[in-house]
Structure formats: C-alpha cells, structure tokens
Peer 1: 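Here it is, the structure in full.
Keep in mind it's a predicted model, so treat the numbers as computed, not measured.
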Amino acid sequence: MKFRSFYLTAIGLLLFAFHASPSIFYVNVSNTVPVSPFTTWSTAATNIQDAIDAASDGDLILVTNGIYQTGGRVVYGSLTNRVAINNAVTVQSVNGPAKTSIQGNAVLGNNAVRCVYLTNNAALLGFTLTNGATRTTGDNYEERSGGGIWCESSSAVISNCVVVHGAASFWGGGTVSGTLINCTLTNNTAGSCGGGALSGVLTNCVIVRNSAAFGGGVCSNTLFNCSLTNNWATSSGGGAFSCVLSNCFLFRNSAVSGGGAICGTLTGCTLTTNTAYDGGGSCSNTLNSCILLNNVATNNGGGAIYGTLTGCSLTNNTAANGGGSCSNTLNNCTLMSNSATNNGGGAYASALNSCVLHHNSAAFGGGVHSSTAFNCLFDQTNSASSRGGGAYSSTLTNCTLTRCQALNEGCGSYRGTLNRCVITHCQSSNWNLAFLGSGSDADILNNCFVAYNSGAENGGGAAYSVLNNCTVVQNNCNLTGGGGGTYECSVTNSIVYYNTSGSGSMFTYDDGYFDLLDHCCVKITPFLGPGCFTNAPLFLDGLHLQTNSPCIDAGNSNFAAGAVDCDGRPRIVGASVDIGATEFQGANQEPFISWLYKYGLPDDGTADYADSDGTGMNNWQKWIAGLNPTNTASVFALQSPAVSGANNAITWSSVTNRTYYVQRSGDLSQADFSSTQSNIVGQAGTTSFTDTTATNGDLLFYRIGIQ
C-alpha cells in the first residue's frame with residue numbers, strides 16, 4: 001500500500017509537469033514551406049492566425065520579423081480581425097515592435113480590418129499594430145470600437161506594443177479594454193470616446209497625439225505612471241475623460257473643456273501646459289496631491305474648474321476668470337503666480353480651506369474673487385490692477401492677508417465680508433495715484449486685526465467699511481486728514497489707535513475721518529460717538545490687552561461680533577464685551593495667549609496643550625518655563641548632579657525671567673518630595689544650586705519647579 005501511494009503521487013506530479021510546459025509554435029512570414037502544426041522554425045506558419053488555430057490554452061506562439069498583413073478572422077458581426085487570439089495563448093514577437101508589425105486596413109466602413117482581437121487571458125507581446133480600423137455600422141462596441149486592439153476583458157494583456165494609426169468610428173481608436181503594460185498609443189482616432197484607449201488598465205504607457213470627441217487620449221481607463229502628451233478632444237478631456245490616473249504626466253493636451261482631464265480622479269499627477277476654453281488643466285475632476293502648472297483657459301479656470309482639489313499645487317496658470325481655480329473646492333492647496341485678465345487671479349467662485357495664496361494677480365481680486373476662504377494665508381504680493389489685491393467680493397474667515405497690493409481700492413480686500421481675519425502690510429501698487437482703503441475698502445469686518453497697511457490717499461486701514469470688534473493700529477494714509485486708520489466707516493466696539501496720516505493740511509485725523517463711532521477706543525478723530533474714549537488701549541503685544549486696559553468690558557454687548565473673538569476664543573468673558581479684536585480671557589490666560597501669538601502658534605486654543613517642537617512638554621508648560629516653543633534646543637532639563645562629599649551641586653537649564661525651587665526625596669516610589677530651596681533667581685542658560693545637607697551618603701532624588 002505504501003508503494004502504490006508513492007506511485008500514484010509520482011504519476012500526479014508527472015501529469016502536472018506535462019500540463020505546465022506549454023507548446024511553442026512558430027511564425028515566419030518569409031517561410032517557403034510552412035507545415036502544420038508549425039512547431040519548428042523550418043516548418044513555421046506564414047501567418048499568425050494559422051499558429052493560433054493550432055495551439056491550445058497556455059501555449060506560446062513566437063513570431064519573427066516582418067509585416068503581417070494578410071489573413072483574417074471574424075469574431076463578432078461582420079468586422080474582420082487580422083489576428084484573432086481566440087484562445088488563452090501568448091503571441092510574442094522575437095525582436096520587438098520595431099521589427100514585427102500587424103497591419104489592418106485603415107478604411108472605416110465595410111472594408112475595415114482591425115489589427116487584433118484578444119479573448120480572456122490571452123497575451124500579445126512586442127508588436128507594432130498599425131492601420132487598424134472598424135466598421136461604421138453594426139454593434140457600437142463590438143464592430144465600431146477598437147481599431148487597433150479589442151479585448152474581451154482586462155485579463156487580456158498587451159505588453160511592449162505600439163498601437164499607431166488606429167481608427168474607430170465609435171469608441172477606442174487604439175484599443176478597447178485589456179491590460180496594457182509599457183505600450184505606446186499614438187496617432188489613433190475615435191469618433192466618440194477614447195482616441196487612444198477605452199476601458200483598459202494602462203501601466204507605464206505613452207499616449208501621444210491621439211484624438212476623439214471625448215477623451216482624446218483615453219476614456220474610462222485606469223492609468224498608472226503614464227504619459228499623455230499632445231492629445232486633443234473636439235469636445236471634452238483632451239488627455240483623459242472619466243479616468244482614474246495615478247502618478248501620470250499630462251502635457252500639452254487640449255479640448256474645449258478639460259484640456260488635461262475631465263470627470264476623473266487623479267492622484268499624484270502633473271498637469272502642465274494643457275489648454276481649453278474652460279478648465280485648461282482639469283475640469284470636474286477629483287485631484288489629490290497633484291501639480292497644475294502653466295495651464296491655460298481662454299475663459300474660466302486656467303488650472304482647474306468644477307472639481308475638488310486636496311493637497312495640490314496650482315502654479316502659473318492663466319485664464320480670463322480664475323487663473324488658478326474656478327468653481328472648485330480646494331483643501332490644503334497652494335496657489336502661486338496664477339493670473340486672470342478679469343477676475344480672481346488665484347481663484348474665482350471657489351471654496352478654499354487651509355490654502356496658501358501668493359503672487360497671484362488679476363484686474364479684480366488678485367488672490368480670490370467671489371469666493372469663500374477659511375483658514376487661508378494670502379501672502380507675498382497677491383495683486384490687482386484695479387481693486388481687491390487679496391480678495392474681491394469674497395467671504396473670508398480666520399484668514400491672513402499680508403503684503404497684498406492694488407492699484408485703485410482695497411489692497412487687502414474689497415466689497416467682502418471678513419470674520420476673524422488679519423490684514424497687514426498691504427499697500428497701493430502705485431503710491432502716487434488716488435486710492436481708498438489700503439487694508440480694506442467697502443467691506444464688513446468682524447473681529448479683525450488691521451495693522452501696518454499704507455494707503456496713498458484715504459483710509460490707511462479701512463475706507464467705506466463696517467467694522468465690528470476690530471483693532472485698527474499702525475496704519476498710514478498719504479493724505480493729511482484722510483484717516484490713517486479709517487475713512488468714512490461705521491465703527492463699533494473697536495480700537496482705532498496709533499495710526500498716522502500725511503502732513504501739509506490744517507486738519508489732522510490720524511485715526512479716523514468722518515466715521516460713525518460707537519463704543520470705540522480712538523485717539524484722533526473729529527467725531528466721538530457714544531461710549532467712545534481716547535485713553536490708550538494698553539496692549540501686551542499690539543493686539544491682546546493688558547489687565548488694566550480701559551477696553552476690557554467697555555463695549556456694547558448688543559453689537560458683539562459673534563461668539564468668538566479674533567483668536568477663536570470666547571467673545572464675552574466679563575460683564576460686557578471688550579473693545580477690540582480680542583477678548584481679555586483673564587489675568588492668567590491672556591499673557592499665555594500673547595506668548596502663542598508672539599511665536600506664530602495658533603492662539604485659538606488648539607495649540608494650548610500641543611507639543612509643537614516635540615520636546616516632551618506642551619505649550620502651556622513651555623510658557624510657564626519661559627521656553628521657545630519653536631526651538632528644540634530650548635528645554636527645561638535637569639543635568640546630572642555633581643557630588644562632592646556632603647555637597648550635591650544641582651544644575652538645570654533656565655531663563656532669566658523665572659524663579660525656581662528645588663525639592664528632593666530619598667524614596668522615588670513614595671514621591672514624598674520636600675523643599676530644599678526656593679526663590680532661586682534664574683540665570684541665562686543654566687542655574688545651579690548646591691545642596692549642602694546631603695549627609696550620610698544617602699540616595700537622593702531631585703526635582704526643579706517654577707514658582
């Protein structure tokens with residue numbers, strides 16, 4: 001019985017080995033004596049179809065150099081395929097696509113011949129497929145699609161092939177379905193979708209100079225690490241239509257809509273130098289971690305239109321409206337050096353979340369126009385040749401606008417609504433022209449900080465605006481009496497102080513001119529309204545209030561601007577709303593908030609207990625210790641004690657504006673620390689204390705605290 005068991009097992013292994021070894025069939029177009037079943041080069045078939053017919057699933061057919069342009073097989077309807085791989089075999093050229101080609105008949109209609117048909121699990125390796133075509137009548141998918149190659153499913157594999165000059169009257173001029181690896185699809189055309197390819201999976205492929213009405217390069221495909229170049233669509237999706245693309249490069253594609261891609265999902269892709277009427281780079285796509293560079297739209301959305309972009313970079317794109325973005329949702333994106341001849345150099349009619357915008361330009365709204373922005377940074381010279389250097393007719397929340405420029409009005413913002421925003425260092429791009437509102441013009445500002453803006457004529461900080469719970473300081477206008485802080489504004493619960501205007505007039509209204517003031521702290525203005533006073537606001541840092549500020553609890557709570565202040569902390573803490581952009585949070589809390597502000601950390605509460613520099617202490621603890629939360633070398637640490645007899649010298653890192661105490665314990669597990677010394681004045685760098693009472697050589701543990 002043991003012998004029989006071994007014998008049967010051996011037979012099983014031999015049968016498996018027999019079936020695992022494919023038969024090899026040979027094809028040579030120049031062979032003069034083909035003999036079936038074509039199992040040697042001397043008896044090789046002269047056309048590929050004869051060898052396929054002789055083979056079985058799993059076999060290999062080797063094809064040597066030549067142009068294979070005779071024979072054919074109908075699979076569906078009335079369309080002839082030059083080669084029909086109708087069983088699961090591998091057809092492979094010996095010397096690659098430069099030496100071996102399969103040629104169809106590139107005449108759309110009844111005389112058309114497709115190059116190759118592949119059934120499930122078939123493979124085609126190393127061929128050039130040229131001049132394939134489809135019928136103009138019959139089944140749209142089976143007879144009018146796939147001029148070069150038509151596959152039953154993605155289980156059919158095409159590798160190292162060139163598909164060129166294929167034509168389809170309907171879909172897929174080059175290929176339909178299949179999995180394509182290291183292939184080139186070029187100069188193929190389709191009457192409807194997918195000039196180069198339809199409904200396939202493409203990896204490391206080159207798709208160049210293909211065309212269709214929709215998806216000049218590809219349509220309804222999945223692509224990995226592919227290059228799509230110089231494809232065009234007469235309607236939509238010059239490079240790609242309704243595709244999923246990963247790590248692909250889309251260059252110089254063109255269409256009416258979506259020059260690079262439309263209606264797809266792109267991840268880690270680069271879209272550059274694509275053109276369209278709308279959406280030069282992208283239209284109606286979801287883009288993740290993509291680069292959109294140098295794309296052009298003659299109408300809207302040079303970089304992208306009608307999409308959702310996350311973690312993307314939009315640079316140097318141009319359009320009439322929305323140089324970078326039009327009608328998109330952008331999350332954590334960077335918009336840089338985009339331009340629009342009309343509206344929204346960076347973005348137009350878009351929703352931006354946690355984005356950075358710099359060096360964008362337009363006639364109106366250099367940064368954004370008709371958009372919403374949350375937690376965004378407008379930095380480094382967003383500019384408008386007319387109005388709204390940073391923003392025009394937009395709603396901004398928790399944003400910073402700095403160094404924005406405009407030629408006419410509203411360097412920072414024009415005709416928008418700004419909540420909890422910072423507007424600083426904005427100025428006219430031409431100091432000698434008439435100008436209104438360097439920081440803000442015709443806006444509604446709630447809980448905003450407006451500082452260090454410079455205007456050429458009137459309203460260094462704001463003009464013709466409504467300000468509620470704002471702080472307007474250190475702004476300047478060039479015209480004496482023009483309102484260095486505000487000009488003809490309605491101002492409530494706000495600080496307007498330390499602003500300046502030019503010289504040479506008999507009137508000097510540094511802070512405000514012809515404003516409507518209610519419960520404000522203002523220094524120099526011709527008209528003081530109810531609840532106003534001229535006492536200095538007493539800042540900790542130019543924004544946050546000292547404990548003895550006259551602005552605390554001095555506002556009109558009926559006009560409090562929302563539930564939170566400029567920092568994002570509770571708006572009414574005391575008996576009444578405070579005057580200014582920030583609410584005094586208490587004697588213990590406010591210096592800490594000012595410390596966060598000083599180091600550029602979020603002061604809305606989200607960073608209070610965060611370890612910003614990864615040193616093991618949260619920001620509240622670092623503030624108590626007097627540390628720098630942006631410097632990993634700034635730590636509160638105890639060095640190893642120096643022991644000399646009964647004296648233990650304790651040294652720790654310290655700062656000059658803190659007082660320390662030393663405690664010790666003989667048993668760390670009990671944590672029964674007792675005071676050894678207090679009121680030790682901190683020194684710069686390190687502070688030392690010598691414990692002279694460490695007798696009997698006992699084991700001692702020390703800890704340092706801040707009083």
Peer 1: Okay, side chain of Asn338, backbone of Gly345: is any donor-acceptor separation there less than 3.5 Å?
Peer 2: no

Peer 1: Side chains of Val256 and Tyr277: closer than 4.5 Å at any heavy-atom pair?
Peer 2: yes

Peer 1: Which atom pair, heavy atoms only, marks the closest approach of Gly412 to Cys404?
Peer 2: CA-CB, 4.3 Å

Peer 1: Does atom OH of Tyr452 have more than 12 heavy-atom neighbours, drawn from other residues, nucleotides or ligands, at distances under 6.0 Å?
Peer 2: no

Peer 1: Parallel, tilted or perpendicular, judged at 30° and 60°: which one describes the rings of Tyr597 and Phe449?
Peer 2: perpendicular

Peer 1: Between Lys622 and Asp611 (salt bridge meaning N to carboxylate O under 4.0 Å), is one present in this structure?
Peer 2: yes

Peer 1: Do Ser465 side-chain atoms and Asp443 backbone N/O form a donor-acceptor pair below 3.5 Å?
Peer 2: yes

Peer 1: Angle between ring planes, Phe364 versus Tyr392, binned at 30° and 60°: parallel, tilted or perpendicular?
Peer 2: perpendicular

Peer 1: Looking at side-chain heavy atoms only, is the closest gap between Thr329 and Asn353 below 4.5 Å?
Peer 2: yes

Peer 1: Is a donor on one side and an acceptor on the other found under 3.5 Å between the side chain of Gln427 and the backbone of Asn453?
Peer 2: no

Peer 1: For Ser557 versus Val577, what's the shortest heavy-atom pair and its separation?
Peer 2: OG-N, 3.0 Å

Peer 1: Would you check if the side chain of Glu488 reaches a backbone N or O of Tyr464 as a donor-acceptor pair within less than 3.5 Å?
Peer 2: no

Peer 1: Looking at every heavy atom in both Ser438 and Cys411, which two are closest together, and how far apart are they?
Peer 2: O-CB, 2.8 Å

Peer 1: Would you mind reporting whether Ser282 and Leu292 have side-chain heavy atoms less than 4.5 Å apart?
Peer 2: yes

Peer 1: Would you name the heavy atoms of Asp578 and Asp553 that are closest together and state the gap between them?
Peer 2: OD1-N, 2.6 Å

Peer 1: Please answer whether the main-chain N or O of Thr582 pairs with a side-chain N or O of Arg569 as donor and acceptor at a distance below 3.5 Å.
Peer 2: no

Peer 1: For a 4.5 angstrom cut-off between non-hydrogen side-chain atoms, does Leu330 reach Leu335?
Peer 2: yes

Peer 1: For Gly279 and Ala297, work out which heavy atoms get closest and say how close.
Peer 2: N-CB, 3.9 Å

Peer 1: Is there a donor-acceptor contact under 3.5 Å from the side chain of Ser383 to the main chain of Gly389?
Peer 2: no

Peer 1: For the pair Asn317 (side chain) and Asn295 (backbone), establish whether a donor and an acceptor sit closer than 3.5 Å, ignoring hydrogens and angles.
Peer 2: yes

Peer 1: Would the distance check show the side chain of Asn247 and the main-chain N or O of Asn225 forming a donor-acceptor pair, the cut-off being under 3.5 Å?
Peer 2: no

Peer 1: Would you say the side-chain atoms of Ser612 and Asn619 include a donor-acceptor pair closer than 3.5 Å?
Peer 2: yes

Peer 1: Taking the side chain as C-beta and beyond, is there a heavy-atom pair between Asn343 and Ser370 under 4.5 Å?
Peer 2: no

Peer 1: I'd like to know if the side chain of Asn382 pairs up with that of Asn360 as donor and acceptor (distance under 3.5 Å, no hydrogens or angles considered).
Peer 2: yes

Peer 1: Under a 4.5 Å cut-off applied to non-hydrogen side-chain atoms, are Val473 and Phe539 in contact?
Peer 2: yes

Peer 1: Please check if any side-chain donor atom of Asn294 sits under 3.5 Å from a side-chain acceptor atom of Thr273, or the reverse.
Peer 2: no

Peer 1: Hey, is CZ on Phe251 packed in by over 12 heavy atoms from elsewhere, all under 6.0 Å?
Peer 2: yes

Peer 1: Which atoms form the tightest heavy-atom contact between Cys426 and Ile423, and what is the distance?
Peer 2: SG-CG2, 4.0 Å

Peer 1: Is it the case that the side chains of Thr372 and Thr395 hold a donor-acceptor pair, with the cut-off being a distance below 3.5 Å and no angle test?
Peer 2: no

Peer 1: May I ask you to decide if Val564's main-chain N or O and Asn447's side chain share a donor-acceptor pair within less than 3.5 Å?
Peer 2: yes

Peer 1: Whether the side chain of Asn468 engages the backbone of Thr492 through a donor-acceptor N/O pair (distance < 3.5 Å, no angle test) should be reported.
Peer 2: no

Peer 1: Can you pull out every side-chain hydrogen bond (donor to acceptor under 3.5 Å, both in side chains) where at least one residue sits in residues 251-265? Sequence neighbours excluded, please.
Peer 2: Asn231-Asn253, Asn253-Asn274

Peer 1: To the nearest 0.5 Å, how far apart are CG in Asn375 and CZ in Arg420?
Peer 2: 8.5 Å

Peer 1: List in chain and number order the residues that pass ring-ring contact (aromatic ring centres under 6.0 Å, His included) with Tyr599, two or more places apart in sequence or in another chain; answer none if no residue qualifies.
Peer 2: Trp595

